[in-house]
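In what follows, a structure is listed as structure tokens, so that the remarks can point back to it.
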Amino acid sequence: MRYISTRGQAPALTFEEAMLSGLARDGGLYVPETIPQMSDADIRALHGLPYEEVAFRVMRPFVGDGFTDEVFADLIAKAYAGFGHNARAPLVQLAPGHFLLELFHGPTLAFKDFAMQLIGQLFEEAMTRRGERVTIVGATSGDTGSAAIEAFRGLDAVDVFILYPHGRVSEVQRRQMTTPVESNVHALALHGHFDDCQARLKDMFNHFEFRDSVRLAGVNSINWARVLAQVVYFFSSAVSLGAPERKVSFTVPTGNFGDIFAGYIAKRMGLPIDRLVVATNQNDILHRCLSSGAYETDEVVPSISPSMDIQVSSNFERALFDAYDRDGAAVAQLMDELKQGGFRVSQGALQALREHFDSGRVSEDETMATIAEANRSMGELLCPHSAIGVRVAEAGRDPAVPMITLATAHPAKFPDAVEEASGIRPPLPQRMADLYDRAERVTEVENDLAALEALIQERIAQ
Ligand SMILES: *Cc1c(COP(=O)(O)O)cnc(C)c1O
């Protein structure tokens, strides 16, 4: 299995090389050259299997020879051993035909643990085998950073630097990043928005001299290995509702288009998915684009669902690549236009996107009302991101097709908003109840590439 860039100009890589490099050298994102297929019989055979076994069968064809079957199965087992729920991704019913996929039982209480815990294991294995050291730099709107730090803390072959927008993450998110005591963990609070963090991260990857000198690796949602790990729970949940005999739809609270793109890959592999519904908050570039074809960046307006406060949705490039029949030059041109503020998706490509994706946008008031309503009528405390999904799903779903809404974070990760909406302050699970008592360690940084690079070089030299 080889991986090619969405901009058509970078060399094709193996799974392991694509995982270790993150962003392609032509600025594009890696995608598999072909999509492995699961037949109806393959899907039927997943019924009743443990999550880890489903994960192995779904991911194995993408991974290639770099990891043996035995090693890969062992890394999957280690990745999910620390989850607080035996099912890993349990499904609960909200209403007739509407289900919630709880993806928040990992160590940092958000769905990103599914990918990050596995990536930590894969990196450690690959670097140990190569006898090398890497510098992981990530940009986060809150949840990626805590998940990455949790996955990489204390590893010998890795330094991890996380850029987050100063003052714009929740206290739980911040503390999860600033309280680990391991010296290979570096939390950096950048004066700017998430998009600034992401832009500086991309700058570092495009500065090849720096990139090579620190052996830079990325674990943002642009990393293919993360997308792949997220494909698994689309299979496990659909199968538990009767796939492949019965179609299901998914609603996914979305910012960077990573999680929903994983659903699209599941569909391309053969999982019978009817609709994939993008649910955005007031930062609604994806909803506007799918509605009108115009992909135009706007100011980020901070919301109570901060992990979706994004105006440049990185993984959307992968969907565009397919919608433009894998024409890398066409994608490269759109991305050039984006630097001037936006682009218009061609009619043909927009039609191709709409074959798979629907979308909806939820205001702050509607998010709060949905949290209150779900608590009142279902006894379910939703985090604001998950509430956005539930709202969009309820507004547009076909009663004949079961809808699965992804619950992307635990309500206790956003206790202020949840309490204001529902009157209930969700407690942290027992295993992290002392988070508010631990000492914090963080470095404030300016939105300046040269200063950031100097800081990273200085820290890893120590
Ligand atoms: C990251 C995140 C999202 C958005 O996921 P994408 O893959 O960026 O679309 C939604 N909800 C929560 C809680 C998140 O942490």
Side-chain angles (χ1 to χ4, degrees), residues 29 100-116 119 138-150 162 164-165 168-170 172-174 176-177 194-195 197-198 219-231 233-234 250-265 276-281 283-287 289-290 300 303-319 357 359 362 367 371 381-392 405-415 417-418 426:
L29 277 58
L100 193 69
L101 183 59
E102 293 186 352
L103 299 175
F104 51 67
H105 296 286
T108 69
L109 306 181
F111 82 88
K112 294 189 175 72
D113 288 324
F114 277 89
M116 212 62 85
I119 265 206
T140 187
S141 54
D143 292 328
T144 299
S146 47
I149 285 172
E150 194 58 45
I162 296 298
Y164 69 84
R168 295 181 195 277
V169 299
S170 81
V172 175
Q173 290 175 321
R174 191 191 71 234
Q176 285 180 334
M177 293 188 277
F194 169 68
D195 288 326
C197 298
Q198 188 157 258
V219 294
N220 262 67
S221 66
I222 52 174
N223 192 306
W224 169 258
R226 280 193 51 192
V227 174
L228 178 59
Q230 295 168 187
V231 175
Y233 45 70
F234 287 88
F250 288 92
T251 301
V252 186
T254 305
N256 248 329
F257 209 79
D259 216 7
I260 190 146
F261 188 75
Y264 165 80
I265 293 293
L276 287 161
V277 188
V278 169
T280 77
N281 66 19
N283 297 295
D284 60 351
I285 186 166
L286 286 167
H287 175 57
C289 180
L290 288 166
V300 173
S303 77
I304 57 170
S305 45
S307 302
M308 291 155 57
D309 286 347
I310 283 166
Q311 281 295 348
V312 177
S313 188
S314 302
N315 276 293
F316 194 51
E317 181 169 341
R318 288 187 161 113
F357 300 106
S359 66
V362 179
T367 307
I371 295 172
L381 270 188
L382 299 171
C383 93
H385 311 77
S386 310
I388 286 168
V390 167
R391 178 85 175 199
V392 169
T405 296
L406 273 53
T408 51
H410 193 287
K413 219 166 174 181
F414 304 91
V418 173

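All ligand and atom numbering here is 1-based and tracks the order in the structure. The basis for the numbers below is simple: all heavy atoms, side chains too, and nothing from hydrogens, waters or symmetry mates. Keep in mind that this is a model prediction, so the values were computed, not measured.
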Q: Please tell me if the side chains of M308 and T408 come closer than 4.5 Å, counting only heavy atoms from C-beta onward.
A: no
Q: Using the side chain to side chain donor-acceptor pair (under 3.5 Å) rule, pick out the option among D143, T140, T254 that qualifies with S307.
A: D143
Anything under 3.5 Å between an N or O on ligand 1 and a protein N or O? List each pair with its distance, or write none.
unit_1, atom_1, unit_2, atom_2, d
ligand 1, 7 (O), G258, N, 3.3
ligand 1, 7 (O), D259, N, 3.1
ligand 1, 8 (O), N256, N, 2.8
ligand 1, 9 (O), G255, N, 2.9
ligand 1, 9 (O), N256, N, 3.2
ligand 1, 9 (O), F257, N, 3.2
ligand 1, 11 (N), T408, OG1, 2.8
ligand 1, 15 (O), K112, NZ, 2.5
ligand 1, 15 (O), D143, OD2, 2.4

(Q) Within the 4.5 Å heavy-atom criterion, are R168 and F194 side-chain neighbours or not? (A) no
Q. What is the distance from atom CG of L29 to atom CD1 of I222, rounded to the nearest 0.5 Å?
A. 5.5 Å
(Q) Using only atom types and a distance under 3.5 Å, with no angle test, would you say the side chain of D195 pairs donor to acceptor with the backbone of Q311? (A) yes
Q.
Test of understanding: with side chain to side chain donor-acceptor pair (under 3.5 Å), list the residues that count as partners of S359, not counting sequence neighbours.
A. H287
